[in-house]
Amino acid sequence: MVHQALLIHRLVELRRGNGLTQEKVARSLEWSHAKLMRYEGGTQVLPKADLDALLDLYRVLGTAQGRKLQEIGRRARDKPWWYPHRHALTVEERHYVGLEMGAARIRQCAPALVPGLLRTRDYARALCSMTDPDGEVDRLVDVLMGRQGMMLTRSPVPEQVYVLDEAVLRRVVGGRENPGVMVRQLHHLVERSALVQLRIVPEEAGLHFGVLGGFTLFDFGEGLPPVLHTEHRGRVVASKKEEDTHAYAEAFDRLVEEHALDACRSLALIEHHARRLQNGVGVPPDIGGEEKGSHANGVGAFPTEDLLAASEPRPPPTLPAGLGTDAGSE
């Protein structure tokens, strides 16, 4: 998906640099105007012959620039690694995975659940089992594990920054039937903190922008604009509008700087919740142990007031107009 976007970006630059309109290009190649619009709009992948025709018209066929664009075009035509599982993914999920696989930097705010790239197999299975048919659970979990594996093998590995609400750590996915799912997930977060940046917003921070809904910012480089994915009021919205991506980037920075614990204190809070669960504290009564908030075995309520940043929590910024209301997917 990102190769396709990059190819389109470069071709549009070449067309404009040659002083050509879409209408002139279509007439020169004896194409319909609609065909070129589909190519430049990204709704249709460029076959090699049509790409070469454009490169010839733009006077770069056979040059180093032209060969680079041909290579980008070849990659854009390649089927993605998840193609065998495409029927298990919605259009929105395919779009998201495509952005994820091409991003140079990923910034994500997760107010309710552990982000997909940080989930263990058991945690992912517990979530998928709630909403998907039994026959699709294994396939969906395999796709997620594949996403994680592909991310780790990329060179360079993209920068990843995650801001999680403390509620994510307290929510015992697996429940009374299997609290070990959450214990292993918390340990996994600790392990992954060596590769990604993890910041936790403690409960004492109060209201913050993330409680309005999770969101992810993808940055690409190569002249491509960032893309914002939001989850708001049950809707997933994608936007490349500069006013949207800029507003959410600023909001993310404020979350990190004004509400979240620093990296070391965030890690300490994750480890604290893992110990609470291992000691049977803060889990459903049927699991055993003390009720939530108990100080049994010295692992009760965590003194997060000692970990809060010096600045007082501020009210959340205003949600950019259109997102989560009448904005449509890109």
Side-chain angles (χ1 to χ4, degrees), residues 106-120 123-124 126-127 130 160-175 179 181-190 192-193 196-217 228-237 247-277 281-284 292-293 300-319 323-324:
I106 300 172
R107 291 171 287 174
Q108 185 171 0
C109 171
L113 296 167
V114 172
L117 291 178
L118 303 180
R119 291 173 187 168
T120 63
Y123 186 101
L127 293 180
M130 291 175 58
Q160 298 168 66
V161 186
Y162 299 96
V163 175
L164 280 64
D165 194 278
E166 187 180 356
V168 175
L169 311 181
R170 286 188 174 277
R171 181 165 290 109
V172 187
V173 172
V181 170
M182 195 64 200
V183 173
R184 290 188 292 273
Q185 176 62 71
L186 293 174
H187 286 314
H188 184 66
L189 289 177
V190 173
R192 290 302 308 276
S193 67
V196 304
Q197 297 180 50
L198 269 178
R199 305 291 293 273
I200 308 298
V201 179
E203 290 178 342
E204 287 80 0
L207 283 177
H208 57 84
F209 187 70
V211 301
L212 298 176
F215 63 91
T216 307
L217 285 157
L228 167 71
H229 252 251
T230 63
E231 300 171 28
H232 185 62
R233 296 177 184 173
R235 295 188 62 201
V236 177
V237 180
Y248 271 82
E250 285 191 337
F252 189 87
D253 289 342
R254 282 194 290 270
L255 273 174
V256 171
E257 296 166 7
E258 300 175 10
H259 296 279
L261 303 172
D262 63 28
C264 290
R265 292 170 178 173
S266 294
L267 188 59
L269 187 54
I270 296 171
E271 292 173 330
H272 163 75
H273 281 293
R275 289 194 301 272
R276 293 180 77 242
L277 285 176
V281 181
V283 294
K292 178 178 176 180
F302 192 60
T304 49
E305 63 273 10
D306 296 336
L307 301 183
L308 289 172
S311 59
E312 289 295 322
R314 301 183 183 180
T318 304
L319 186 71
L323 284 178

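This structure is a prediction, so every number in the text was calculated from the model and none was measured.
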Looking only at heavy atoms, what is the nearest atom pair of Ile200 and Asp165, with distance?
CG2-C, 4.5 Å
Nearest non-hydrogen partners of Leu207 and Val211, listed with the distance:
CD2-CG2, 4.0 Å
Leu186 and His273 have their tightest heavy-atom pair at CD1-C, 3.7 Å
So, for Ser266 and Leu198, which heavy atoms are closest and what is the spacing to 0.1 Å?
CB-O, 3.7 Å
Not counting sequence neighbours, which residues clear side chain to side chain contact (heavy atoms under 4.5 Å, CB included) with Leu117? List them please.
Glu100, Ile106, Arg147, Gln148, Met151, Gln160, Tyr162
Hey, could you give me the CG/CG distance between Leu113 and Leu118, rounded to the nearest 0.5 Å?
12.0 Å
Arg170 CZ to Leu269 CG distance, which is reported to the nearest 0.5 Å:
8.0 Å
Residues at least two apart in sequence or cross-chain that pass ring-ring contact (aromatic ring centres under 6.0 Å, His included) with His188, listed by chain then number, are none
Which residues pass the salt bridge (charged side-chain N to carboxylate O under 4.0 Å, His left out) test with Arg119, sequence neighbours left out?
none
Within a strict 4.5 Å, meaning less than it, do heavy atoms of the His187 and Arg184 side chains meet?
no
Side chain to side chain, Arg199 and Leu261, heavy atoms closer than 4.5 Å
no
Heavy-atom closest pair (Pro111 atom, Gly213 atom, distance to 0.1 Å) is CG-C, 4.1 Å
Under the rule for ring-ring contact (aromatic ring centres under 6.0 Å, His included), what residues qualify as partners of Phe215, not counting sequence neighbours?
Phe209, Tyr248
As an exercise, state the distance from CZ of Phe252 to CG of Leu228, rounded to the nearest 0.5 Å.
12.0 Å
Looking only at heavy atoms, which two atoms of Val168 and Ala112 are closest? And how far apart?
CG2-C, 3.5 Å
Side chain Tyr123, main chain Val114, donor-acceptor under 3.5 Å
yes
Do the non-hydrogen side-chain atoms of Leu164 and Val201 ever get within less than 4.5 Å of each other?
no
Go through the structure and list residues passing side chain to side chain contact (heavy atoms under 4.5 Å, CB included) with Ala126, not counting sequence neighbours.
Val173
Do Glu166 side-chain atoms and Glu203 backbone N/O form a donor-acceptor pair below 3.5 Å?
yes
Hey, what do you get for CD (Gln185) to CD1 (Ile270), rounding to the nearest 0.5 Å?
10.0 Å
Side-chain H-bond candidate by donor/acceptor type, Gln108 with His229, under 3.5 Å
no
Could you note down all residue pairs passing salt bridge (Lys or Arg N to Asp or Glu O under 4.0 Å) where residues 106-115 supplies at least one of them, sequence neighbours left out?
Arg107-Asp219
Tell me, do His208 and Glu258 make a side-chain contact under 4.5 Å, heavy atoms counted?
no
